[in-house]
Amino acid sequence: MDVHRCRFVPYKPSAINALAFSHPKTRSALQASLARLAIGRANGDIEIWNPTNGFWNQELVIAGGKDRSVDGLVWVNEPDQDLGDGRIVAGKSRLFSIGYTSTVTEWDLEKGVPKRHASGQHGDIWCMAAQPSATDKAGFGVDAQDSTKLIAGTIDGELVMYSIEEDDLRFQRVLLRSPTKKAQMVSITFQSRKVAIIGCSDSTIRAYDITKGHMLRRMTLGSDLVGGSKDIIVWSVKCLPGGNIVSGDSTGQVCIWDGKTYTQTQRMQSHKQDVLSLATSADGTSILSGGMDRRTILYKQNTGAGHRWCKVWGRRYHEHDVKSMASFESGRINVVVSGGPDANPVVIPFKEMGRENHRIMPSLPQQPPLLSAAKARFVVSWWEREVHIWILQKSATQMFDAGGDDVDVNQNRKLLKTIVIKGDSNITSATINQDGTLLVVSTSTSVKAFRLQHQGPVKPSDMKLSTVQVPQKLTSTGATKVQISPNGQWLCAVQEGSRLLLGKIDTTKEPGAPIAFQSSLQRLTRLRRHIPRYILNGGLGRYDRSITHVAFSTDSKMLATSDLAGYLDTWILHSNNEHLRNGTKTKSDTSSSESDSSDEEDDAVTQGDDQWVRNPTAKLLPKLPAAATVLSFSDSVPHAQSSADGTDGDSDIVNDYTLLAITSSWNLLTFHPVQGSLTPWARRHPRHSLPAPVQDLLDLAKGVLWQGSRAWIYGVSFLLMIDMAQDLPKLAPETDSSETNGKQGTKRKRAGPNTGAGGRMELGSLAPSQVRKHTAGEWEDVDMEDAPRPEDVNSDDNMDEADGELAQLRNLNEAGTSLEVAETGGERKSWWMTYKYRPIFGIVPVSTPGQDLEVALVERPTWDVEMPESYFSLEQWER
């Protein structure tokens with residue numbers, strides 16, 4: 001396999017402005033299964049992450065738009081209902097956001113679009129919180145359960161109220177106005193249902209009674225340090241369960257305030273610049289602060305006299321400001337997620353800080369915005385509202401044969417077109433046919449198609465661009481995902497999260513002939529799943545039925561989809577006089593009695609003699625144990641085989657398709673969809689039989705490419721090959737890694753279950769060079785390296801071609817011993833993995849069918865990402 005190592009594809013991760021968990025502390029297993037993390041970014045995107053079992057799957061990305069920003073997120077959960085007989089309806093979860101405007105937005109997670117907006121006669125909103133429930137005891141530091149009001153603070157010093165009763169969102173009234181606009185409201189939290197604590201920009205923290213609309217107490221921080229600003233900005237405020245208040249301000253201090261007398265009890269100079277974010281544990285025993293100096297500091301309360309707080313741990317987890325924090329406690333998971341301009345969410349252990357490693361989550365999307373037109377050697381990427389089309393003119397073999405070691409890889413690529421999509425909405429998905437002649441781009445509001453006229457690698461610069469008319473049903477609603485079939489004759493579009501439409505593309509082999517869509521679209525219905533209606537009415541509703549992956553078979557005669565719940569649906573392209581693989585006629589009955597309860601009957605449209613019908617054995621496919629992160633058909637296509645007597649076999653003696661699904665829990669499952677069963681290889685290889693390095697992977701799979709029976713699976717930090725034609729080596733009983741004597745294929749002893757962060761620290765990780773020392777006087781800074789990741793031990797250090805975009809990966813039989821491999825006794829290896837390439841943005845094929853596999857591997861190194869200037873002091877060095 002030849003690899004074009006590309007770093008020229010533009011993609012700039014957007015800064016993290018807001019973080020919020022739907023259930024910061026789960027009270028039951030049901031709430032734990034519904035917990036989600038919402039991340040708001042500076043470009044208006046909202047990401048929904050699932051933290052279940054510490055796998056951190058990015059389930060949904062709601063695309064933003066031009067001049068949009070998400071600067072605050074608030075979840076509101078209705079109370080759970082007990083229906084008796086062990087049936088519990090989870091309270092409905094709703095997500096609201098602000099963006100430094102006067103508007104509050106509620107989001108529809110099922111459809112991935114804004115649900116409603118509300119605005120009032122007030123200034124821009126800078127902070128927002130949900131009023132706590134009246135049923136929580138004591139009323140101190142409670143979650144936003146059963147809330148019916150949103151309270152927001154504005155830049156003009158106004159405290160306003162929004163009502164969210166009866167599944168609605170509307171501006172209700174202005175609670176109070178500050179006598180002067182100098183007091184900008186920057187941060188907000190609730191001490192009880194009636195008392196809101198507001199951090200302001202005029203060196204004050206104010207306690208307001210929102211029921212009566214007047215101020216209870218005004219807490220003053222005084223003036224800034226010598227040479228600083230006259231006023232202190234209180235960037236973050238939190239309340240502990242006992243009622244005490246914690247504040248972080250622009251002087252770098254964390255202050256503790258008595259919740260009854262509203263007086264300051266302690267002041268800690270923790271940071272050398274502004275404290276931007278705070279997080280507290282549910283039991284009130286721990287506080288975490290993040291600042292502009294990139295530090296993250298943990299505080300604990302002494303048990304002695306005075307119960308004073310002290311600093312016990314500190315590290316620099318980020319490369320820039322620590323702008324936002326959110327804590328999550330569920331079962332064995334007890335973590336804080338932080339983020340900022342460096343765009344990488346960082347999962348920090350809260351309860352076990354100092355004994356567990358942190359984990360840096362990728363800023364790159366789980367589903368890469370990257371695709372290719374293999375026959376034309378095009379590489380297509382998109383970012384916000386721009387589409388870039390590149391061409392790799394020569395293969396790796398041609399370049400090295402022609403130029404030898406003096407080849408200039410920069411001359412092999414060329415930017416052909418940059419297409420800017422009209423409108424304010426960012427791109428949600430894009431697809432291109434194999435010939436590179438039709439490009440389809442979707443946003444949340446419309447779908448646009450472009451015809452590309454070119455002569456391929458012969459004269460790539462002569463590309464002409466023209467628009468293609470798209471059916472009205474696509475242009476009026478938009479789509480969350482679009483995909484063209486391998487033969488270029490079908491376009492599949494997913495609308496409103498779960499609605500599936502198929503359109504026929506009229507293509508002809510004559511050069512210069514126009515490309516057109518048939519005006520009618522076929523609506524595909526999904527199988528009815530026996531899900532109790534009371535479950536669908538609570539929690540996140542039908543959000544988990546959102547379609548995340550669409551896959552066509554190589555011959556474009558089968559279509560498969562998967563959703564967040566793990567259900568698979570398959571359809572077969574049926575033509576008149578055509579039989580199914582088992583020799584029986586296909587049924588075209590797609591009545592609603594067999595379809596998903598949320599789907600209406602499909603449009604009875606026949607595309608000529610072709611029509612997509614549900615696979616009769618689709619109901620036999622089992623539910624995946626977790627949401628799929630990869631769904632793909634192998635290159636194998638069913639064909640007739642010879643019978644035992646040597647005569648031509650009947651049409652019912654055929655092979656089957658192979659459908660690969662990789663879940664967020666790292667289950668590799670292959671199916672024969674026509675038979676409706678797992679393949680023999682999948683039955684022999686459950687998750688615990690996978691190689692130990694694969695089981696230890698924290699990063700999820702992002703995509704797969706096929707080379708015969710070999711599946712090349714990649715994630716943000718790894719490239720893995722598994723040969724489906726061979727059995728994987730059996731693992732030895734669990735032993736310590738020191739006892740394996742370097743033998744490959746043995747199972748090494750693990751440190752313990754996944755706790756949501758980076759796993760347990762080794763004893764050597766607690767060396768003095770990696771810990772912040774606390775002296776009796778000043779806070780002493782010690783240079784500190786991050787704890788080594790498990791994959792760094794096995795990574796390939798041979799990076800001779802790291803600065804080029806082109807690297808050649810030789811045949812696996814000739815692979816060097818420095819790469820981690822496992823053999824089955826012969827020369828052909830059953831699996832192989834490397835960590836040489838990171839971070840991987842995506843991998844796409846650029847070779848035509850029938851040729852050796854040739855791919856473009858796109859990396860987006862962190863040092864290549866432009867970030868705004870950060871705080872700099874003499875103790876720090878610039879890269």
Side-chain angles (χ1 to χ4, degrees), residues 71-74 76 96-106 117-134 139-142 144 146-165 168-222 231-239 243-250 255 257-264:
D71 298 282
L73 291 168
V74 173
V76 175
F96 301 88
S97 72
I98 57 174
Y100 290 161
T101 64
S102 60
T103 302
V104 179
T105 302
E106 182 180 359
H117 304 276
S119 182
Q121 299 296 324
H122 53 75
D124 294 347
I125 297 175
W126 275 29
C127 58
M128 183 174 66
Q131 184 183 21
S133 168
F140 290 122
V142 293
D146 192 22
S147 177
T148 59
K149 300 291 188 294
L150 294 176
I151 308 299
T154 72
I155 190 176
D156 296 331
E158 301 162 316
L159 199 63
V160 299
M161 177 183 290
Y162 283 81
S163 174
I164 57 175
E165 292 178 309
D168 196 9
L169 172 65
R170 61 184 181 274
F171 172 73
Q172 192 160 351
R173 61 192 175 99
V174 177
L175 295 175
L176 54 93
R177 287 184 172 90
S178 174
T180 171
K181 291 187 178 181
K182 180 180 178 182
Q184 300 171 348
M185 296 185 178
V186 180
S187 54
I188 183 174
T189 189
F190 273 91
Q191 188 185 30
S192 66
R193 179 173 174 82
K194 297 181 179 180
V195 179
I197 305 299
I198 311 294
C200 302
S201 62
D202 61 347
S203 305
T204 62
I205 301 174
R206 307 184 183 195
Y208 290 104
D209 187 334
I210 62 173
T211 60
K212 299 180 180 179
H214 66 80
M215 185 171 62
L216 297 176
R217 192 63 59 92
R218 182 175 180 267
M219 295 164 274
T220 304
L221 285 86
D231 293 326
I232 298 175
I233 303 174
V234 184
W235 291 114
S236 181
V237 287
K238 295 289 182 181
C239 283
N244 289 343
I245 303 167
V246 185
S247 66
D249 54 53
S250 57
C255 300
W257 306 79
D258 188 280
K260 297 180 179 179
T261 62
Y262 298 108
T263 57
Q264 187 180 110

> What residues form a side-chain contact (heavy atoms from CB on, under 4.5 Å) with Leu150, not counting sequence neighbours?
Replying inline: Val74, Val76, Phe96, Val104, Met128, Ala130, Tyr162, Ile164, Leu169
> Thr154 side chain to Gly123 main-chain N or O, any donor-acceptor pair under 3.5 Å?
Replying inline: no
> Got a sec, which residues hit side-chain contact (heavy atoms from CB on, under 4.5 Å) with Leu176, two or more places apart in sequence or on another chain?
Replying inline: Leu159, Met185, Tyr208
> Quick one: side-chain hydrogen bond (donor to acceptor under 3.5 Å, both in side chains) partners of Ser187, sequence neighbours excluded?
Replying inline: none
> Considering residues at least two apart in sequence or located in another chain, which fulfil the side-chain hydrogen bond (donor to acceptor under 3.5 Å, both in side chains) criterion with Arg217?
Replying inline: none
> Under the side-chain hydrogen bond (donor to acceptor under 3.5 Å, both in side chains) test, which residues partner Asp258, sequence neighbours left out?
Replying inline: Thr261
>> Quick test of your reading: applying salt bridge (charged side-chain N to carboxylate O under 4.0 Å, His left out), list the pairs with at least one residue in residues 198-213, sequence neighbours left out, ordered by first then second residue.
In response: Asp202-Arg206
>> Please enumerate all residues that pass salt bridge (Lys or Arg N to Asp or Glu O under 4.0 Å) together with Glu158, with sequence neighbours excluded.
In response: Arg177
>> Which heavy atom of Gly259 sits nearest to which heavy atom of Gln191, and what is that distance?
In response: O-NE2, 2.9 Å
> Are Ile205 and Ile197 close enough that some pair of their side-chain heavy atoms sits under 4.5 Å apart?
Replying inline: yes
> Under the side-chain contact (heavy atoms from CB on, under 4.5 Å) test, which residues partner Gln172, sequence neighbours left out?
Replying inline: Lys149, Met161, Ser163
> Which pair of heavy atoms, one from Asp231 and one from Ser201, lies closest together, and at what distance?
Replying inline: CB-O, 3.5 Å
>> Could you work out, with ring pair (Phe, Tyr, Trp, His ring centres under 6.0 Å) as the rule, every residue matching Trp235, not counting sequence neighbours?
In response: none
>> Between Thr211 (side chain only) and Lys194 (backbone N and O only), is there a donor and an acceptor less than 3.5 Å apart?
In response: no
>> Which residues pass the salt bridge (Lys or Arg N to Asp or Glu O under 4.0 Å) test with Asp124, not counting sequence neighbours?
In response: none
> side-chain hydrogen bond (donor to acceptor under 3.5 Å, both in side chains) with Ser119: which residues, sequence neighbours excluded?
Replying inline: Ser102
> Closest approach of Ile125 and Ala152, non-hydrogen atoms and distance?
Replying inline: CG2-CB, 3.7 Å
>> When you compare the side chain of Tyr262 with that of Ile245, does any pair of heavy atoms fall below 4.5 Å?
In response: yes
> Which atom names give the shortest non-hydrogen contact between Thr204 and Val234, and what distance separates them?
Replying inline: O-CG2, 3.7 Å
> How long is the gap from CD1 on Ile188 to SG on Cys200, to the nearest 0.5 Å?
Replying inline: 10.0 Å
> Looking only at heavy atoms, which two atoms of Val174 and Gln121 are closest? And how far apart?
Replying inline: CG2-O, 4.4 Å
> How long is the span from the CD atom in Gln264 to the OG atom in Ser247, to the nearest 0.5 Å?
Replying inline: 7.0 Å
>> Are the side chains of Phe190 and Ile210 in contact, using a 4.5 Å heavy-atom criterion?
In response: yes
>> Using a 3.5 Å distance criterion without hydrogens, assess whether the side chain of Glu165 forms a donor-acceptor pair with backbone atoms of Thr148.
In response: no
